[in-house]
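A quick write-up on the structure given underneath.
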Amino acid sequence: MRTPVFAANWKMNKTAHEAREFLSKFKTGLSGNSEVVVCPPFTALGVVLDECQSTPIAIGAQNGFHEASGAFTGEVSMAMLHKEGVTHVIVGHSERRDIFGETDGLIQLKISAALQLGLTVIFCVGEHLDVRESGGAMALVESQVRAGLNEIVAAEFGHGASLILAFEPVWAIGTGKVATPEQAQDVHAGIRDVLSALYGADVAERIRILYGGSVKPDNVAGLMEKPDIDGALVGGASLKVEDFLAICQPVY
Ligand code: 13P
C-alpha cells in the first residue's frame with residue numbers, strides 16, 4: 001500500500017510574507033493520512049521551513065544544481081538545500097526543460113546528486129500535445145524516465161522510499177485541461193512497467209507516481225481512484241489554502 005503524496009509547486013509565486021500567511025492557515029486545517037510537501041520559491045524557503053517546524057508538512061525546492069558549490073552564478077546547490085533542512089526537490093519539470101533548456105543528461109546529474117544527499121526527488125516527465133496527438137506519449141515518457149534514472153541503482157533511492165515520479169502532460173499544465181483519469185492511468189501503469197523493468201516489481205510497487213496538470217478539488221477524486229495514481233503535483237490550485245486543503249484532506 002503506497003501512502004498518497006500531495007505536493008504544492010508554487011512556481012514563481014508568493015513572497016516570504018505571503019508564504020507565512022498561507023502556512024499559518026494551512027497547517028491548522030491539515031488532517032488526513034497523506035504526505036504533504038510544499039515547494040515554495042527559494043526566497044520563501046527559510047520562512048516555510050520555520051513555519052512548518054513540528055508539523056507533518058515536508059519542504060521541497062523547485063530546482064537545485066548538482067555541483068555542491070563554486071562559480072555557478074544564480075544557482076543553488078542540492079547540498080545547500082539539504083543543509084538548510086529541505087527534504088524534497090523537484091527535478092525535470094517541463095518548465096525547466098522548455099524555458100531553461102534542461103536536458104535529460106543534466107536532469108540525471110541532478111537526480112543523482114540529490115539522492116546521494118538523501119533528498120527525496122520528485123522527478124517530472126510528460127509529453128507535449130503534438131507528441132500525444134501522434135500517439136508517441138508513452139514512448140517519450142519512457143525515454144525520459146530511462147534517461148533521468150540512467151546508472152542510478154535502487155539502493156540510491158532506498159528501494160523506492162526517496163524517489164517519486166510525477167507524470168505531467170505539458171498540454172494539461174496551467175491550461176485547465178486535465179488528463180482524464182483513464183489517460184493518466186495508462187501512462188502511470190506504463191511508467192510502473194518501465195520502473196519494474198529497471199528495478200524489479202517490488203521496487204516499482206513502492207515508488208509513488210503523481211499526476212500533475214490542472215489538478216483541482218473537483219477532479220482529484222476521480223484521478224485518485226485509479227490504481228497507479230498515488231497523489232498529485234499541484235500548481236495553480238496549491239496557491240489557495242482552501243483548494244490545496246480540499247485536495248490533500250480526504251482519506252484516499
Ligand atoms: P497546474 O496545476 O497549475 O496545471 O500546474 C501543474 C504543475 O506544473 C505542477 O508542477
Side-chain angles (χ1 to χ4, degrees), residues 3 5-24 26-27 30 34-93 95-97 99-103 105-124 148-166 207-208 210 231 233-235 238 244:
T3 305
V5 185
F6 293 94
N9 176 8
W10 284 354
K11 307 191 180 184
M12 199 170 71
N13 294 290
K14 291 197 190 295
T15 62
H17 177 75
E18 288 164 346
R20 195 186 288 283
E21 271 187 352
F22 177 100
L23 283 158
S24 65
F26 181 76
K27 67 185 181 189
L30 188 64
S34 301
E35 285 177 25
V36 175
V37 187
V38 173
C39 306
F42 290 126
T43 44
L45 270 174
V47 157
V48 169
L49 282 161
D50 187 43
E51 213 38 69
C52 293
Q53 264 181 31
S54 318
T55 77
I57 302 165
I59 309 308
Q62 298 171 20
N63 183 27
F65 198 60
H66 56 284
E67 298 284 356
S69 63
F72 301 101
T73 301
E75 290 297 314
V76 174
S77 75
M78 300 287 182
M80 292 157 79
L81 295 167
H82 179 249
K83 260 231 141 74
E84 294 302 321
V86 168
T87 55
H88 291 60
V89 63
I90 298 172
V91 180
H93 194 282
E95 287 149 19
R96 301 288 328 161
R97 294 176 190 259
I99 305 170
F100 302 100
E102 292 200 8
T103 60
L106 178 63
I107 289 162
Q108 191 276 350
L109 290 172
K110 291 183 172 200
I111 293 174
S112 177
L115 293 176
Q116 293 297 324
L117 290 157
L119 291 169
T120 295
V121 170
I122 302 174
F123 170 27
C124 304
L149 297 177
N150 187 33
E151 292 185 4
I152 291 173
V153 299
E156 291 177 75
F157 52 83
H159 301 275
S162 57
L163 178 65
I164 296 170
L165 267 286
I207 296 175
R208 274 83 58 90
L210 315 184
L233 181 55
V234 188
S238 75
F244 194 47

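Keep in mind that what you see is a predicted model, and the values were worked out from it rather than measured.
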Nearest-0.5 Å distance that lies between atom [atom1] in [X] and atom [atom2] in [Y]:
{"X": "I207", "Y": "F123", "atom1": "CD1", "atom2": "CZ", "value": "11.0 Å"}
{"X": "L149", "Y": "I107", "atom1": "CG", "atom2": "CD1", "value": "11.0 Å"}
{"X": "L119", "Y": "L163", "atom1": "CG", "atom2": "CG", "value": "12.5 Å"}

With sequence neighbours left out, what residues match E102 under salt bridge (charged side-chain N to carboxylate O under 4.0 Å, His left out)?
R96, K110
Residue set satisfying salt bridge (charged side-chain N to carboxylate O under 4.0 Å, His left out) with K14, at least two apart, ordered chain then number -> none
Using side chain to side chain contact (heavy atoms under 4.5 Å, CB included), reason through F157 and V121 one step at a time and then give a plain yes or no.
CA-CA 9 Å; F157 52 83; V121 170; over 6 Å; no
Heavy-atom pair with the smallest gap, counting every atom of [X] and [Y]:
{"X": "I122", "Y": "A7", "value": "CD1-CB, 4.1 Å"}
{"X": "L23", "Y": "C52", "value": "CD2-SG, 3.7 Å"}
{"X": "W10", "Y": "S238", "value": "NE1-O, 3.0 Å"}
{"X": "V47", "Y": "A16", "value": "CG1-O, 3.5 Å"}
{"X": "V89", "Y": "A114", "value": "CG1-CB, 3.8 Å"}
{"X": "E95", "Y": "H93", "value": "N-ND1, 2.9 Å"}

Is there side-chain contact between L233 and I90, with heavy atoms separated by less than 4.5 Å?
yes
Would you say that S24 contacts E51 through its side chain, given a criterion of any heavy-atom pair below 4.5 Å between the two side chains?
yes
Can S112 and E156 be said to form a side chain to side chain contact (heavy atoms under 4.5 Å, CB included), step by step?
CA-CA 8 Å; S112 177; E156 291 177 75; 4.2 Å; yes
Side-chain donor-acceptor contacts of residues 75-82 below 3.5 Å, not counting sequence neighbours, with atom names and distances?
{"unit_1": "S77", "atom_1": "OG", "unit_2": "A68", "atom_2": "O", "d": "2.8"}
{"unit_1": "S77", "atom_1": "OG", "unit_2": "A79", "atom_2": "N", "d": "3.4"}
{"unit_1": "S77", "atom_1": "OG", "unit_2": "M80", "atom_2": "N", "d": "3.0"}
{"unit_1": "H82", "atom_1": "NE2", "unit_2": "L117", "atom_2": "O", "d": "3.2"}

For the pair E18 (side chain) and T15 (backbone), establish whether a donor and an acceptor sit closer than 3.5 Å, ignoring hydrogens and angles.
yes
Show every salt bridge (Lys or Arg N to Asp or Glu O under 4.0 Å) that has at least one partner inside residues 80-93, sequence neighbours left out.
none
Residues passing the ring-ring contact (aromatic ring centres under 6.0 Å, His included) test with F244, sequence neighbours excluded, are F26
Sequence neighbours left out, cut at 3.5 Å: what donor-acceptor pairs do the side chains of residues 34-44 make with other protein atoms?
{"unit_1": "E35", "atom_1": "OE1", "unit_2": "R208", "atom_2": "NH2", "d": "3.2"}
{"unit_1": "E35", "atom_1": "OE2", "unit_2": "R208", "atom_2": "NH1", "d": "3.3"}

Set out, in order, the CA-CA distance, both residues' side-chain angles and the distance that settles side chain to side chain contact (heavy atoms under 4.5 Å, CB included) for S162 and L115, then state yes or no.
CA-CA 7 Å; S162 57; L115 293 176; 4.0 Å; yes
